Trainee: 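Before we start, here is the structure in question, set down as structure tokens.
Sequence lines set the chain letters: A, B, ... in the order given, protein chains first and strands last, and positions in each chain run from 1. Remember, predicted model here, so these are calculated numbers, not experimental data.
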Amino acid sequence: MRVRTRFAPSPTGYLHIGGLRTALYAYLWAKKNGGDFILRIEDTDRNRLVEDACEIIYRTLKDTGLVYDEGPDVGGDYGPYIQSERKQLYIDTAKELVERGAAYYCFCTKERLQKLHEDAGGAAVKYDKHCLSLSKEEVERRIAAGEEYVIRQNIGTEGTAEYDDLVYGHISVPLADMEDQILLKSDGMPTYNLANVVDDHYMKISHVIRGMEYLSSTPKYNMLYDALGWERPVYIHLPPVMKDKTRKLSKRYGDASYEDFIGKGYLKEAVINYIALLGWNPGDNREIFTLEELTEAFDLKGISKSPSIFDNDKLTWMNAEYIRAMDDETFKKKAAPYVVSSVGEGFDLDIIAGLIKPRIETWNQIGEMIGFLRDLPEYDTSFFFNKKTKCTPEKSVDMLIAAKEELEKLRAFDVVSIHDSMIALAEKLEVKNGLLLWPLRIALSGQLVTPGGAIEIAALLGKEESIRRIDKALSMLS
RNA sequence: GGCCCCAUGGUCAAGCGGUCAAGACAUCGCCCUUUCACGGCGGUAACAGGAGUUCGAUUCUCCUUGGGGUCACCA
């Protein structure tokens with residue numbers, strides 16, 4: 001049997017991390033087995049449609065490398081891949097189900113259902129099968145009369161329904177707890193309950209990979225497969241990704257979409273790598289994986305049964321790992337826009353790249369890190385105190401005067417020249433490098449902490465600006 | 001509330017009857033060092049509780065507790 005998996009989101013907004021992970025696992029399982037990964041859009045709820053939602057889904061999957069073999073925008077042999085375009089198929093199937101006694105027409109009004117609820121004191125109540133007893137003639141008469149109707153699944157009340165899930169194992173649910181759910185809505189659109197079964201069957205989906213919220217309703221879908229004489233797919237339900245101990249990560253919190261993470265300066269490779277490991281482990285201690293390596297290593301055995309809390313710290317660490325592993329040219333190219341937007345053009349990108357590469361964890365940290373190059377921050381003369389180098393404001397004056405004199409003499413103002421000259425100066429003054437360089441760095445940057453030291457900063461600022469900042473410090477200290 | 005599922009450090013997690021209970025993130029300390037990072041080394045930190053089964057339970061069973069899911073003309 002050819003392995004075919006699908007990712008079937010509803011276009012209700014951006015793609016959140018939990019959904020992306022489901023897509024990832026479905027993709028990995030298909031590719032691991034040399035099969036097909038299909039994208040299907042579940043848009044049967046006309047009230048929840050969001051403009052551009054489909055585009056975001058297409059773009060995100062392509063951007064992350066989760067290339068689907070079949071889908072709305074790429075076609076395929078089992079289309080259409082948008083449910084609203086398959087309406088007739090669901091209607092026909094629903095009627096077939098009625099023929100076979102597995103479903104029935106229901107004319108109950110929303111008001112009646114509402115009342116059923118109220119009579120139960122607001123507690124959860126099952127539909128009372130009120131319309132199951134309607135005669136065929138009456139059904140036909142009422143349909144002809146233009147009455148609105150839905151089609152409900154006819155579920156027995158005795159015994160249990162069972163199936164085996166590849167991650168959760170044997171699942172057994174009492175039939176008495178299941179409701180005669182609606183398959184076809186009064187607007188002629190199917191509910192998920194019908195549509196997912198029909199589509200998975202006709203699209204020849206072999207493995208259904210989805211969130212575990214469907215764990216206990218899956219027996220109902222199985223009854224549909226059985227009633228239609230269709231072969232059931234294999235089920236792989238996934239535990240949810242949580243924001244914290246009790247809350248699921250979802251769109252409602254606004255910070256959980258793929259695009260938000262990219263916007264916050266994370267690399268797509270790191271995001272994919274991180275979420276792959278949220279709820280799955282390869283069985284060894286390896287943590288850094290490319291998509292190809294994930295495809296190779298992925299297996300069902302490593303999927304966890306319990307919810308995992310999304311840990312931003314770990315994602316950030318992983319992102320930093322990716323950044324540090326970049327070759328210098330790639331890093332420079334990626335960092336350039338962030339550097340320019342922070343300090344403008346005119347600074348030596350090679351030096352900056354070298355300084356920030358081991359120091360940033362996300363791209364967005366660049367701006368704050370190097371802003372001092374453009375504008376010298378207001379700072380306090382207490383910055384010139386440093387215990388380790390035994391630096392004081394008084395000594396700083398001497399050091400800065402000496403340093404300024406040397407720097408002014410320099411013809412080439414590059415890192416090597418400045419370095420040599422400062423080392424020589426420290427030797428001449430018979431002080432430790434640190435005592436000379438501490439006040440210099442403070443004067444040049446106005447910050448206690450900087451990426452790189454006094455020498456690199458001086459080279460970046462250039463001679464003129466360096467001297468100007470030293471003079472500023474000297475005037476503050478006098 | 002009924003039903004389904006889950007339960008190892010703060011987090012991700014390995015473990016699948018006998019281990020001093022891995023590893024990673026975070027955290028703390030030390031080293032490196034012209035600040036901060038990077039890097040290196042080390043520390044703190046867990047089997048939810050109670051009954052069984054067994055020579056022996058983190059591991060198997062049951063109960064309790066805790067958490068998640070579900071009970072829609074949403075998916």
Side-chain angles (χ1 to χ4, degrees), chain A residues 8-10 12 42-45 47-48 83 106 108 110 113 117 123-127 148-152 160 165 168-169 171-174 176-179 181-187 189-193 195-196 210-219 237 239-240 242 244-248 274 277-281 283-287 302 304-318 320 324 355-361 369 383 386 388-389 391 419 422-423 426 432-442 445 447-457:
Chain A
S10 51
T12 54
E42 310 219 329
D43 63 342
T44 57
D45 186 353
N47 302 318
R48 296 208 307 171
Q83 289 185 330
C106 172
C108 290
K110 296 220 169 90
L113 298 177
H117 240 90
V125 274
K126 286 169 58 179
Y127 175 62
E148 276 206 344
Y149 66 86
V150 300
I151 291 180
R152 287 181 182 272
T160 62
D165 180 89
Y168 286 96
I171 305 296
S172 163
V173 184
D177 292 328
M178 298 183 204
E179 181 172 39
Q181 61 187 355
I182 289 171
L183 299 177
L184 200 69
K185 300 187 264 191
S186 58
D187 65 357
M189 277 293 188
T191 58
Y192 175 86
N193 309 126
N196 93 84
R210 69 196 359 164
M212 66 156 281
E213 61 267 27
Y214 297 105
L215 204 57
S216 49
S217 52
T218 294
H237 286 100
M242 311 291 284
D244 54 42
K245 199 85 182 165
T246 60
R247 289 179 298 174
K248 198 170 160 179
Y274 176 68
L277 261 27
L278 240 204
W280 172 78
N281 82 83
D284 56 28
N285 284 329
R286 195 153 163 230
E287 297 204 283
S304 155
K305 289 182 184 178
S306 41
S308 331
I309 298 172
F310 189 95
D311 183 1
N312 221 302
D313 283 344
K314 184 130 188 184
L315 199 217
T316 301
W317 164 79
M318 191 170 276
R324 286 178 220 125
L355 294 182
I356 63 178
K357 190 173 155 193
R359 278 168 243 260
I360 60 165
E361 299 172 300
M369 191 169 281
F383 282 17
N386 180 261
K388 199 175 150 198
T389 58
C391 189
H419 175 267
M422 287 301 105
I423 297 304
K432 294 216 164 134
N433 292 345
L435 180 56
L436 172 65
L437 266 8
W438 176 271
L440 218 209
R441 193 177 57 83
I442 296 299
S445 70
Q447 293 183 173
L448 249 14
V449 169
T450 55
I455 292 160
E456 291 84 358
I457 294 170

Trainee: In whole angstrom, give me the gap between the P atoms of B/C73 and B/G66.
Mentor: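 Here B/C73 and B/G66 have their P atoms 31 Å from each other.
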
Trainee: Report yes if at least one side-chain N or O of A/Lys248 is closer than 4.0 Å to OP1 or OP2 of B/U70; otherwise report no.
Mentor: no

Trainee: Over all strands shown, is A/Thr450 touching base, sugar-phosphate only, or nothing at heavy-atom distances under 4.0 angstrom?
Mentor: base

Trainee: Any side-chain N or O of A/Ser216 below 4.0 angstrom from OP1/OP2 of B/C71?
Mentor: no

Trainee: Looking at B/U27, which nucleotide sits across from it as a Watson-Crick or G-U wobble partner, both distances under 3.5 angstrom, or is there none?
Mentor: B/G43

Trainee: Students often mix this up, so state it plainly: with edges at 30° and 60°, are the rings of A/Tyr274 and A/Phe310 parallel, tilted or perpendicular?
Mentor: perpendicular

Trainee: Under 3.5 Å, which N/O atoms of the protein pair with N/O atoms of nucleotides 60-66 of chain B?
Mentor:
none

Trainee: Is the shortest heavy-atom distance from the side chain of A/Arg247 to the side chain of A/Met242 under 4.5 Å?
Mentor: no

Trainee: On a whole-Å scale, what distance lies between the C1' atoms belonging to B/U8 and B/A21?
Mentor: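 To the nearest whole Å, 8 Å.
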
Trainee: Is there a side-chain polar atom (N or O) of A/Ser308 under 4.0 Å from OP1 or OP2 of B/A13?
Mentor: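 True: A/Ser308 side-chain N/O within range (under 4.0 Å) of B/A13 OP1/OP2.
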
Trainee: Determine the Euclidean distance between corresponding P atoms of B/U53 and B/U61; express it in Å to zero decimal places.
Mentor: 15 Å

Trainee: For B/U65, which nucleotide is its Watson-Crick or G-U wobble mate, given both distances must be under 3.5 Å?
Mentor: B/A7

Trainee: Taking a pair as Watson-Crick or G-U wobble with both distances under 3.5 Å, which nucleotide is matched to B/C60?
Mentor: B/G52

Trainee: Just by protein heavy atoms under 4.0 Å, how would nucleotides 23-34 of chain B read 5' to 3' in B, S and -?
Mentor: SBBS------BB

